[in-house]
4 protein chains.
Amino acid sequence: MPAAGGKRVPRAVRERQMLDAAVAVFARRGFRAASMDEIAEAAGVSKPLVYLYLNSKEDLFTACIRREADALTAAVRDAVEAGAPPERQLWGGLLGFFEHTAAHPDGWTVLYSQARTVGEPFAAEVASLRARIVDFAAGLIAAACGGAPGAPEVAAYAYALVGAAESLAGWAATAPGPVPAGRELAASLMTFAWSGLSRAVPAQ
Amino acid sequence: MPAAGGKRVPRAVRERQMLDAAVAVFARRGFRAASMDEIAEAAGVSKPLVYLYLNSKEDLFTACIRREADALTAAVRDAVEAGAPPERQLWGGLLGFFEHTAAHPDGWTVLYSQARTVGEPFAAEVASLRARIVDFAAGLIAAACGGAPGAPEVAAYAYALVGAAESLAGWAATAPGPVPAGRELAASLMTFAWSGLSRAVPAQ
Amino acid sequence: MPAAGGKRVPRAVRERQMLDAAVAVFARRGFRAASMDEIAEAAGVSKPLVYLYLNSKEDLFTACIRREADALTAAVRDAVEAGAPPERQLWGGLLGFFEHTAAHPDGWTVLYSQARTVGEPFAAEVASLRARIVDFAAGLIAAACGGAPGAPEVAAYAYALVGAAESLAGWAATAPGPVPAGRELAASLMTFAWSGLSRAVPAQ
Amino acid sequence: MPAAGGKRVPRAVRERQMLDAAVAVFARRGFRAASMDEIAEAAGVSKPLVYLYLNSKEDLFTACIRREADALTAAVRDAVEAGAPPERQLWGGLLGFFEHTAAHPDGWTVLYSQARTVGEPFAAEVASLRARIVDFAAGLIAAACGGAPGAPEVAAYAYALVGAAESLAGWAATAPGPVPAGRELAASLMTFAWSGLSRAVPAQ
DNA sequence: GATGAATGAGGATTCATTCAT
DNA sequence: TATGAATGAATCCTCATTCAT
């Protein structure tokens with residue numbers, strides 16, 4: 001079923017329709033397995049139009065990544081309380097992250113599961129997104145424990161923190177049972193990362 | 001250039017050569033982008049022989065996953081000091097994990113970056129490996145903080161811990177500069193996860 | 001050399017060209033031995049276009065069978081004088097049959113020689129054509145000799161009659177010398193089947 | 001399951017095993033679709049041995065055809081009462097034909113359904129068998145109605161008769177319900193061909 | 001007499017991409 | 001703005017056939 005169907009739609013709208021369709025298809029199939037045919041059909045347009053607006057499969061995928069990455073970054077940044085103490089900033093960032101990924105599962109799948117395949121030319125795009133997020137985390141961590149943002153140990157903490165968050169988001173996205181809410185995930189991760197397991201006191 | 005070249009090799013040996021070559025190629029290209037031609041050439045045999053022994057591209061990839069997953073699981077399990085206190089067990093497991101992934105970067109890449117593409121039939125294989133590792137972590141965490149291994153909070157900690165470890169391993173595998181040693185990664189993660197960032201005292 | 005050559009042909013026309021080419025190639029080689037490459041070239045188009053319109057080799061072959069079977073059935077039915085006495089109806093049907101098979105030797109070859117290979121999935125299609133013809137013959141025979149159309153003996157006569165007709169058509173199609181005309185074949189078969197050999201009086 | 005399994009079997013025996021297996025497989029699949037692997041396995045030997053004894057797939061198929069054709073020809077010839085009046089001779093031949101084909105369905109399938117595919121190099125072999133049978137029939141017919149065995153009309157009758165017999169044999173081989181016995185088929189065909197439909201009086 | 005190991009060649013099928021309108 | 005028609009280039013996979021033992 002075409003998403004829209006109408007004719008003579010302005011370019012900006014059509015492009016958004018195409019990106020929406022592409023993100024959905026790429027999320028379901030992955031970059032290589034997705035076919036331009038399926039994407040065009042999902043967008044409700046003919047293939048030549050997709051090429052006219054988005055040039056190539058690779059460009060299309062890159063556009064998807066960029067859009068989703070920007071949206072995710074913005075969501076996190078907006079959720080951070082600027083000027084607050086590091087712990088509070090971190091809390092806000094995590095909350096924003098988990099809520100955004102839960103609200104946009106296809107975008108998250110594309111970024112986290114499908115765009116990682118190394119060897120593809122768009123890997124750089126994703127790496128750059130991740131680098132931005134890791135740097136942001138490193139800044140908070142450095143502020144919190146008084147280290148230099150570039151110190152290897154701080155970097156290691158930042159990678160650990162980001163990896164932990166990604167893993168939890170992935171868990172929430174694929175867990176079969178009742179999905180934990182973003183607030184709970186953020187709380188768990190705060191406890192885990194901030195206080196440490198040695199002081200964690202489970203619910204019961 | 002063929003990896004081995006010799007002729008009339010017994011089947012078991014040839015199969016190992018093929019798996020070695022396949023892991024290398026899959027790590028470089030990903031499942032879809034890798035071609036059976038390239039794999040056969042890398043293994044130093046003709047394509048039909050690969051099909052004769054390993055049936056299909058999918059079966060071949062699954063065999064690679066299984067082999068690497070088993071090796072990784074075994075490495076972690078062997079590195080754990082059975083009967084020791086949880087903290088010590090965790091330390092051993094992390095050390096084993098980081099040392100194995102550093103020693104087998106191709107295997108790690110296949111498992112972590114290439115086999116994750118959702119929608120592919122082998123996804124289950126990787127999910128199962130990860131589930132095993134997460135369960136193991138959950139057991140340690142439950143023992144450490146006195147919760148039930150099945151409690152949602154414990155599960156969340158376990159996912160966080162595993163995600164953090166994966167992220168660090170990925171960092172070590174792709175970082176351009178001097179690669180942090182496994183021992184250092186394990187130490188960072190122990191501090192991060194066990195004591196918490198609030199008590200972390202960076203090197204400087 | 002492409003059969004048609006022109007470009008930008010409407011789909012319906014192209015499909016007919018493809019079927020024509022396919023029937024010719026299948027008649028010459030048989031289903032398994034025919035290659036899609038050869039068919040595409042004979043149709044004057046590229047292989048992907050054949051797949052786009054006809055899906056698969058098997059579907060293509062089935063489409064050929066169905067087209068030729070329908071044409072043959074229609075030719076026979078149209079040649080039968082409805083309402084006439086059985087003998088006259090039979091005469092018309094045989095004449096129509098022999099004239100159609102002589103006029104479309106490739107179609108006849110595909111139906112009679114190439115589509116019979118048991119074990120192939122399209123066998124059902126041909127069996128159904130044959131069943132239709134045998135049933136029609138059984139009806140005439142029953143009317144002629146006063147038996148029930150479902151009686152085993154009538155069925156046996158019908159199978160015998162149809163087999164005899166097929167054999168004669170095949171003979172006419174492959175005989176090296178001067179090919180007997182349809183009218184002569186029909187006459188011979190009428191004598192053979194209607195009066196019986198015991199009363200047949202050969203030309204000389 | 002290997003048919004025999006034993007080792008060091010004398011060549012003649014092994015060859016027979018191979019032909020038996022080949023006829024069964026060719027009957028089920030047809031010439032092109034049958035694979036030497038399947039045949040070798042069905043024969044319980046390794047592929048190289050099949051090649052050592054029978055040279056090539058085509059030679060193997062030709063050998064099958066020749067063996068089955070000879071057996072069929074012999075069965076028919078043995079069933080004919082030499083010196084008897086034509087009608088009696090024909091009766092004997094038909095009986096022999098139907099009983100042999102019913103007793104060797106795989107051989108019949110190979111000859112009648114699988115070896116007909118035109119365009120294959122072994123077509124000549126089958127054509128020659130058929131020619132022998134048609135000639136034999138022509139002789140009887142000529143004797144019965146006083147024509148020259150080479151007259152076109154006599155040839156036509158012979159082709160009709162043989163085609164009718166083949167069709168009945170095929171019907172008996174594939175009919176789902178209770179299979180008509182050879183004696184009944186022969187009787188039906190005698191009535192049909194000898195007395196003609198105009199004088200046929202069905203069972204009821 | 002018998003086989004495990006190995007391959008050259010070819011066939012079906014798919015896909016990203018482009019004209020011509 | 002929008003598309004029906006068309007293709008070059010791969011890719012997976014199979015098979016008849018042969019060595020070396």
Side-chain angles (χ1 to χ4, degrees), chain A residues 6-11 13-14 32-40 44-60, chain B residues 6-15 32-40 44-60, chain C residues 6-15 32-40 44-60, chain D residues 6-11 13-14 32-40 44-60:
Chain A
K7 289 201 160 202
R8 302 281 142 171
V9 174
R11 172 158 185 161
V13 177
R14 265 282 135 87
R32 296 302 267 233
S35 87
M36 293 299 270
D37 268 297
E38 189 178 357
I39 292 172
V45 296
S46 71
K47 243 189 314 178
L49 200 60
V50 179
Y51 277 90
L52 188 63
Y53 285 176
L54 273 66
N55 275 323
S56 73
K57 192 185 187 184
E58 200 179 308
D59 282 6
L60 172 56
Chain B
K7 291 206 162 196
R8 286 299 127 161
V9 175
R11 175 167 182 155
V13 176
R14 265 283 135 86
E15 259 180 30
R32 296 302 264 232
S35 92
M36 292 298 270
D37 268 301
E38 187 178 358
I39 292 172
V45 296
S46 70
K47 230 187 327 173
L49 201 58
V50 180
Y51 278 91
L52 188 63
Y53 287 173
L54 278 81
N55 279 325
S56 72
K57 191 183 184 183
E58 200 179 307
D59 280 7
L60 172 56
Chain C
K7 290 207 162 197
R8 287 295 127 165
V9 175
R11 176 168 180 153
V13 177
R14 265 283 137 86
E15 258 179 31
R32 294 303 263 235
S35 91
M36 292 298 270
D37 268 300
E38 187 177 359
I39 292 172
V45 296
S46 70
K47 233 186 326 173
L49 200 60
V50 180
Y51 278 90
L52 189 61
Y53 287 173
L54 270 32
N55 278 326
S56 72
K57 192 182 186 184
E58 199 179 308
D59 281 7
L60 172 56
Chain D
K7 291 201 158 200
R8 302 280 143 171
V9 175
R11 173 158 184 160
V13 177
R14 266 283 136 87
R32 297 300 268 229
S35 87
M36 293 298 270
D37 268 296
E38 188 178 358
I39 292 172
V45 297
S46 70
K47 244 188 313 176
L49 198 59
V50 179
Y51 278 89
L52 188 62
Y53 285 176
L54 278 82
N55 274 325
S56 73
K57 191 184 185 182
E58 202 179 306
D59 283 5
L60 172 56

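Throughout, protein chains are lettered first and strands after them, A, B, ... in sequence-line order, and every chain is numbered starting at 1. Only this structure's heavy atoms are used, side chains among them; waters, hydrogens and symmetry mates stay out.
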Dot-bracket assigned to DNA chain E with the 3.5 Å Watson-Crick/G-U criterion, [ ] for crossing and | for other-strand pairs, is .||||||||||||||||||||
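Between Arg14(B) and dA6(E) there is a side-chain polar atom (N or O) within less than 4.0 angstrom of OP1 or OP2.
How far CZ of Arg14(C) is from CG of Leu54(C): 13.0 Å, rounded to the nearest 0.5 Å. Between the OG atom in Ser56(B) and the CG atom in Asp59(B) there is a gap of 3.5 Å [rounded to 0.5 Å].
For the pair Lys57(C) and Arg32(C), the tightest heavy-atom approach, listed with the atom from each and the gap, is NZ-O, 3.3 Å.
Rounded to an integer number of Å, the gap from Leu52(B) CG to dC12(F) C1' is 16 Å. In this structure, the CG atom of Leu49(A) is 8 Å from the P atom of dT1(F), given to the nearest Å.
Comparing dT3(F), dA6(F), dT7(F) against the side chain of Val9(C) picks out dA6(F) as the nearest.
Among the protein residues, Arg11(B) comes within range of the sugar-phosphate backbone only, with heavy atoms under 4.0 Å from sugar or phosphate atoms but none that close to a base.
Contacts of Lys47(C) classified as side-chain contact (heavy atoms from CB on, under 4.5 Å), with partners at least two apart in sequence or in another chain: Met36(C), Asp37(C), Ala40(C), Tyr51(C).
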Spell out protein contact along nucleotides 14-21 of chain F as letters: B when the base is contacted, S when just the sugar-phosphate is, - when no protein heavy atom is under 4.0 Å; keep the 5' to 3' order. BBSBBBS-
